[in-house]
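One structure is given below, encoded as structure tokens.
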Amino acid sequence: MVKFILRRMLVMIPQLFLLSLIIFVLAKQMPGDAVTGAFMGNPNVTPEQVEKIREQYGLNDPWYVQYGAWVGKAVKGDLGQSYTHKQPVTSLLAGRVANTITLSLFVLIVSYAVAIPLGIIAGRWSDTWVDKLIVTYNYFSFATPLFVFALLMLFVFGFILGWFPTGGSVDIRIESGTFAQFMSKLHHLVLPGLSGALLATFGTIQYLRNDIIDTKLKDFVKTARSKGVPEGKVYTRHILRNSLLPIAAFLGYEITGLIGGSIFLETIFSYPGLGQLFIQSITGRDFTVVTAIVMISGAAVIVGTMLSDVILSAIDPRIRIE
């Protein structure tokens with residue numbers, strides 16, 4: 001297992017290198033840049049002065065020179081300077097990363113807490129009214145766009161009922177480090193987290209339901225029943241044990257999906273995470289921030305894929321051999 005993990009980590013190195021190259025080249029194709037945008041239309045700054053600033057930041061160098069300089073600094077933990085926010089990208093991202101991870105974990109935990117019981121119920125009592133109700137909910141969650149559902153949740157529970165805050169990640173009037181601040185963060189997290197979690201259940205419910213229905217017909221289950229094993233033990237020891245293990249393998253892929261979804265959630269709920277900063281940086285042509293965020297997201301996808309492979313290999317040793 002250790003060799004398998006080390007091998008997968010070695011494979012990640014060229015993947016990250018290729019990813020960084022593609023991201024950098026694509027980002028350079030974006031029209032304009034932050035320096036030009038910041039001083040455009042400013043009568044106090046001449047075009048010559050803007051050009052001098054561009055030269056100072058190396059924006060006039062060939063792309064491969066800029067890429068080499070960027071990689072050299074990134075390896076040392078320096079992701080450059082944000083032209084829009086006037087601060088190092090590393091310190092700018094530090095506070096946002098924590099919020100995005102917290103929101104993603106909340107969505108992941110709640111979606112699993114909802115999806116696994118519903119999948120088990122639908123699979124065990126298939127073709128009953130309970131199963132049809134769950135399947136209807138599943139189709140609804142699959143067909144509803146995230147931004148539409150999130151806006152509806154914000155309108156109903158944020159603006160009409162006023163149960164939850166409509167923006168931010170904490171009440172800034174509360175003293176830092178107190179229990180009240182923790183509760184305030186949780187209060188701000190619930191609405192965007194539920195909006196994402198209730199639509200993220202589709203894959204888990206569908207897979208678990210179908211797998212339980214399929215496993216119920218397997219020979220070893222029929223054998224257990226013929227031996228007089230109680231129905232409850234047939235489900236817990238034979239059916240669920242086989243059906244639940246692959247769900248763990250999807251954990252890594254779920255993480256990759258949450259990263260994309262956080263962009264919509266953070267933007268709609270004004271939640272200060274990487275997703276909201278990503279949109280702001282694109283509109284502000286803040287090239288260094290965009291590159292850093294996409295790189296972090298891409299690295300998280302690669303790590304999530306590796307995590308899924310490791311879990312799958314732990315469940316099925318044949319994958320390690322291959």
F164 ring center within less than 6.0 Å of H187 ring center: yes

Give a yes or no on whether the backbone of [Y] and the side-chain of [X] come within a donor-acceptor separation of less than 3.5 Å.
X: S184; Y: D171; result: yes
X: N210; Y: Q206; result: yes
X: E266; Y: G275; result: yes
X: K216; Y: G123; result: yes
X: T100; Y: V97; result: no

Results of salt bridge (Lys or Arg N to Asp or Glu O under 4.0 Å) for K222 - residues two or more places apart only: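 Partners of K222 by the salt bridge (Lys or Arg N to Asp or Glu O under 4.0 Å) criterion come out as none, since no residue qualifies.
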
Looking at [atom1] of [X] and [atom2] of [Y], how far apart are the two atoms once the value is rounded to the nearest 0.5 Å?
X: F269; Y: S195; atom1: CZ; atom2: OG; result: 3.5 Å
X: M153; Y: L146; atom1: CE; atom2: CG; result: 10.5 Å
X: L277; Y: R96; atom1: CG; atom2: CZ; result: 4.5 Å

Lys/Arg N to Asp/Glu carboxylate O, R209 vs D131, below 4.0 Å: yes

Sequence-distant partners of V114, side-chain contact (heavy atoms from CB on, under 4.5 Å), two or more places apart: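 Checked V114 against side-chain contact (heavy atoms from CB on, under 4.5 Å); matches are V110, L118, Y137, T201.
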
Side chains of W163 and L191 in contact at under 4.5 Å (non-hydrogen atoms):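 No, their side chains stay 4.5 Å or more apart.
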
Heavy-atom check, side chain of L103 versus side chain of N99, under 4.5 Å: no

